[in-house]
Number of protein chains: 2
Amino acid sequence: MTGARGRARGRRPGDTDTRAHILEAARELFAHDGYERASMRAIAARAQVDPALIVHYFGTKRDLLAACLRLPVDPQSLISEINSHPPEEHGEALVLSLVRLWDRPEYTQNFLAMLRAGANDDQARLQLQDTMKHSVQHAVAGLVDDRSTQRAALVMSQMSGLAMSRYFLCIPEIVAMSPEDLATAVGPAIQRYLWGDW
Amino acid sequence: MTGARGRARGRRPGDTDTRAHILEAARELFAHDGYERASMRAIAARAQVDPALIVHYFGTKRDLLAACLRLPVDPQSLISEINSHPPEEHGEALVLSLVRLWDRPEYTQNFLAMLRAGANDDQARLQLQDTMKHSVQHAVAGLVDDRSTQRAALVMSQMSGLAMSRYFLCIPEIVAMSPEDLATAVGPAIQRYLWGDW
DNA sequence: TCAGAAATTCAACAAGTGTTGAATGCTCGA
DNA sequence: TCGAGCATTCAACACTTGTTGAATTTCTGA
């Protein structure tokens with residue numbers, strides 16, 4: 001059961017898109033098992049492929065992880081989404097559109113992969129930090145405060161806690177809430193971090 | 001360099017407290033490297049002990065992890081701390097005392113160990129969830145709302161995000177803030193989750 | 001003083017790891 | 001139709017891992 005043992009040696013007939021299959025399998029396993037426990041052999045088995053093929057396409061295991069974490073975040077749509085609201089609704093708008101985005105399976109998976117891998121890998125941890133920063137940056141772009149970076153950091157702390165609770169810890173009450181529910185519940189807290197005085 | 005190679009075989013002379021040394025070394029390595037990468041041999045080396053001694057004291061590696069995560073949380077002092085404030089200050093009080101507690105090295109370490117291990121281990125993840133729940137429970141004990149469990153969950157989400165940002169992601173702006181700063185910044189958000197209408 | 005219990009190390013095992021180099025089959029352009 | 005290049009597998013290497021059983025030393029209580 002190791003790799004693609006048994007399959008005929010050499011190139012397979014017909015059109016194949018094995019590279020993509022490998023990436024998909026790796027994403028799933030990294031997200032589900034973390035970096036260490038997702039072995040090359042297990043990934044290869046899930047992709048129905050020999051482990052050596054992974055090396056051939058992606059190089060070392062860490063390179064494969066890096067390739068998995070590369071996800072087109074498309075923040076442009078987020079910017080316009082948020083800026084179509086008046087400033088006093090930025091908090092709710094951010095929560096709503098971010099949760100909607102994160103709820104998409106490929107983003108949930110990406111978040112879990114970054115977290116599970118980032119737990120043991122500094123590079124992945126920094127990437128998680130960076131992704132969070134980017135996701136939030138559009139909402140704080142209008143701030144000219146002298147405390148704007150602190151405001152951004154507080155927004156990040158609330159949003160990363162939300163992600164943590166909803167996708168990693170899976171706290172039932174948080175999981176049960178719809179994006180809209182979360183927006184009305186959490187939005188004002190964000191709003192206060194953005195514009196409030198304290 | 002494997003274990004305590006070179007040290008004389010057999011019982012060491014004098015009083016020893018090797019068991020505690022092992023636990024300490026294991027805590028540090030689990031927190032720093034996560035479960036998988038903190039090998040028995042590495043833990044043994046740090047405790048200047050043979051790997052077999054760990055097995056002798058704690059059993060399997062997972063048992064060792066469980067022993068490491070067992071930490072006397074002493075929530076009693078927290079209860080009295082929070083209840084000594086009027087209800088309208090519960091938010092700030094919770095943030096203040098919880099951050100002060102978590103800032104103590106052994107608790108920071110424990111949190112990181114649960115997170116890094118919990119990333120790959122369901123049992124540790126549940127324990128992290130449980131710890132968070134307990135930490136917050138005292139603040140929501142007075143609630144008789146029909147949404148009290150949801151309120152508690154939202155408080156958890158903000159607090160776990162705070163912990164994440166301060167101890168794991170190490171976001172500079174959050175790290176730089178004192179417990180008091182955080183209490184005045186984050187407290188009102190908690191307060192709103194506790195008593196607010198939405 | 002002596003026996004038993006406790007503490008500690010050693011050497012080894014079986015299984016699993018990432019990675020490599022060579023071999024084989026397929027496809028496509030000249 | 002042939003040959004170059006790509007896709008794919010195989011077998012192996014050199015390590016690392018958690019765990020075990022036996023050997024050795026020290027301590028403790030009678």
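Naming convention: chains lettered A, B, ... in sequence-line order (proteins, then strands); numbering from 1 in each chain. Fair warning: this is a prediction, and the values are worked out from it, not measured in the lab.
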**Request:** Working to the nearest 0.5 Å, report the span between CD of B:Glu173 and OG of B:Ser165.
**Result:** 10.5 Å

**Fill in**
Here the gap from A:Leu64 atom CG to A:Arg62 atom CZ, rounded to the nearest 0.5 Å, amounts to 11.5 Å

**Request:** Using atom CD of B:Gln48 as one end and atom P of C:dT9 as the other, report the distance to the nearest whole Å.
**Result:** 10 Å

**Request:** For B:Asp17 and D:dT26, give me the distance from atom CG to atom C1', rounded to whole Å.
**Result:** 17 Å

**Prompt:** Between B:Ile43 (CD1) and D:dT16 (P), how many Å, whole number?
**Reply:** 17 Å

**Charged tip of A:Arg116 within 45° of A:Phe168 ring normal and under 6.0 Å** = no

**Request:** Answer yes or no for B:Arg147 and B:Trp198: cation-pi contact, defined as NZ/CZ to six-membered ring centre under 6.0 Å and angle to ring axis within 45°.
**Result:** yes

**Prompt:** Roughly, in whole Å, what's the span from CE in A:Met40 to C1' in C:dT20?
**Reply:** 12 Å

**Asked** Which of the following nucleotides, C:dT19, D:dT20, C:dT9, is nearest to the side chain of A:Pro51?
**Response** C:dT19

**Asked** Less than 3.5 Å between a donor and an acceptor, one on the side chain of B:Arg41 and one on the base of D:dG18, is that the case here?
**Response** yes

**Request:** Could you state the atom-to-atom distance from CZ of A:Phe58 to P of C:dG18 in whole Å?
**Result:** 16 Å

**Message:** Nearest heavy atom decides the nucleotide; on that basis, is A:Ser39 or A:Val55 closer to the 5' end of DNA chain C?
**Reply:** A:Ser39

**Prompt:** Given atom CG of A:Leu53 and atom P of C:dT20, what is their separation to the nearest angstrom?
**Reply:** 15 Å

**Prompt:** Do any side-chain nitrogens or oxygens of B:Thr18 fall under 4.0 Å of OP1 or OP2 in C:dT8?
**Reply:** yes

**Request:** Report yes if a side-chain nitrogen or oxygen of B:Thr16 is closer than 4.0 Å to either non-bridging phosphate oxygen (OP1 or OP2) of C:dA7; otherwise report no.
**Result:** no

**Request:** Measure the distance from OH on B:Tyr57 to P on C:dA6 and round it to the nearest whole Å.
**Result:** 11 Å

**Item:** Euclidean distance, atom CG of residue B:Leu65 to atom P of D:dG18 [Å, nearest integer]
**Value:** 12 Å

**Request:** Respond yes when some side-chain nitrogen or oxygen of A:Thr60 is under 4.0 Å from OP1 or OP2 of C:dT19, and no when none is.
**Result:** yes

**Prompt:** B:Ala52 has a side chain; which of D:dG18, D:dT20, C:dT19 sits nearest to it?
**Reply:** D:dT20

**Message:** Looking only at the side chain of B:His56 (C-beta and beyond, no hydrogens), which of the listed nucleotides C:dT9, C:dA7, D:dT19 gets closest?
**Reply:** C:dA7

**Request:** Cation-pi check, B:Arg166 to B:Phe111: give yes when NZ or CZ is under 6.0 Å from the six-membered ring centre and within 45° of the ring axis, no otherwise.
**Result:** no

**Item:** Candidates C:dT9, C:dG18, D:dT19 - which lies nearest the side chain of A:Lys61
**Value:** C:dG18

